[in-house]
Asker: 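Attaching a single structure in structure tokens format; questions to follow.
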Amino acid sequence: QLQASGGGLVQAGGSLRLSCTASRRTSSNNGMGWFRQAPGKEREFMASIGWNGGAASYADSVKGRFIISRERASASVYLQMNSLKPDDTAVYYCAVSRSAFGSDNSRQYAYWGQGTLVTVSS
């Protein structure tokens, strides 16, 4: 139900824009979020956004570098990633929240995309 795209290989300092499209039935009144999981590490919260595009929240590690946005008409959520670092290398997942707002807790999400790989070279 969720299709993420936009990952790839980029040099440190570069930018990528991730996209995720959900079905309107599962996302139009729900918050959405982005998480990532690096090899050997647990999945971690990156950013979330409320049902109407407000209430954006970010992990400290990406605040000021990443921007989350959404387009309700197309049931899409985006993650603009700037000033990328090698530590940002991970598989990035989008998810649909169980409520109208996002959360930094992965258990608050009902639906998950398949992930898109981002690799940042030094």
Asker: Between M46 and C94, is any pair of side-chain heavy atoms under 4.5 Å apart?
Answerer: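 No - every pair of side-chain heavy atoms lies 4.5 Å or more apart.
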Asker: Does I68 belong to the same Ile/Leu/Val/Met/Phe/Trp/Tyr cluster as F101, with side-chain heavy atoms less than 4.5 Å apart forming each link?
Answerer: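 No.
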Asker: How close do L79 and A47 get, counting heavy atoms only, and between which atoms?
Answerer: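 Closest pair (atom of L79, atom of A47, distance): CD1-CB, 4.1 Å.
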Asker: Which pairs with one or both residues in residues 102-121 pass side chain to side chain donor-acceptor pair (under 3.5 Å), sequence neighbours excluded?
Answerer: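 For residues 102-121: none.
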Asker: If you apply the rule side-chain hydrogen bond (donor to acceptor under 3.5 Å, both in side chains), what do you find for S48 with S57, and how did you get there?
Answerer: CA-CA 5 Å; S48 66; S57 179; 4.5 Å; no
Asker: Using a 4.5 Å cut-off on heavy atoms from C-beta on, say whether the side chain of R36 contacts that of E44.
Answerer: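 Yes, close enough: below the 4.5 Å cut-off.
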Asker: Walk me through whether Y78 and L18 qualify under side-chain contact (heavy atoms from CB on, under 4.5 Å).
Answerer: CA-CA 5 Å; Y78 307 97; L18 305 184; over 6 Å; no
Asker: Do Y93 and F35 make the cut of ring centroids closer than 6.0 angstrom?
Answerer: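 Not close enough - the centres of the two rings lie 6.0 Å or further apart.
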Asker: Evaluate the criterion side-chain contact (heavy atoms from CB on, under 4.5 Å) for residue pair N82 and F66; output intermediate values, then yes/no.
Answerer: CA-CA 6 Å; N82 302 317; F66 290 11; 5.9 Å; no
Asker: Does K85 come within less than 4.0 Å of D88, counting only side-chain N to carboxylate O?
Answerer: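 No salt bridge links K85 with D88.
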Asker: Looking only at heavy atoms, what is the nearest atom pair of S122 and A12, with distance?
Answerer: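 Reported closest heavy-atom pair: CA-CB, 4.4 Å.
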Asker: Specify the closest pair of heavy atoms between A90 and L117, including all atoms of both residues, with the distance to one decimal.
Answerer: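 In this case the closest contact between A90 and L117 is O-CD1, 3.6 Å.
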Asker: Between the side chains of N29 and R72, is a donor N or O closer than 3.5 angstrom to an acceptor N or O?
Answerer: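 Indeed, the side chains of N29 and R72 share at least one donor-acceptor pair under 3.5 Å.
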Asker: Are L16 and V118 close enough that some pair of their side-chain heavy atoms sits under 4.5 Å apart?
Answerer: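 L16 vs V118: side chains touch.
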Asker: Would you confirm whether T89, through its side chain, and V120, through its main-chain N or O, come within 3.5 Å as a donor-acceptor pair?
Answerer: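 Flag set: sc T89 to bb V120 pair under 3.5 Å.
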Asker: Report yes or no: does N30 contribute a side-chain atom to a donor-acceptor pair with the main-chain N or O of V96 at less than 3.5 Å?
Answerer: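 No, the answer is negative, given that no donor and acceptor are paired below the 3.5 Å cut-off.
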Asker: Closer than 3.5 angstrom, by distance alone: can the side chain of Q37 be matched with the main-chain N or O of K41 as a donor-acceptor pair?
Answerer: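 Yes: the side chain of Q37 pairs with the backbone of K41.
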Asker: Find out whether T21 and L2 are in side-chain contact, i.e. whether some heavy atom of one side chain is under 4.5 Å from a heavy atom of the other.
Answerer: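 Counting from C-beta outward, T21 and L2 never come under 4.5 Å.
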Asker: How far apart are the C-alpha atoms of S15 and Q80, what are their side-chain angles, what is the distance that settles it, and do they pass the side-chain contact (heavy atoms from CB on, under 4.5 Å) test?
Answerer: CA-CA 7 Å; S15 298; Q80 177 67 42; 3.9 Å; yes
Asker: Do R70 and M32 have side chains that approach each other closer than 4.5 Å (heavy atoms only, starting at C-beta)?
Answerer: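 Yes, close enough: below the 4.5 Å cut-off.
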Asker: Is it true that V91 and F45 fall in one hydrophobic cluster, defined by side-chain heavy atoms closer than 4.5 Å?
Answerer: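 Hydrophobic grouping puts V91 with F45.
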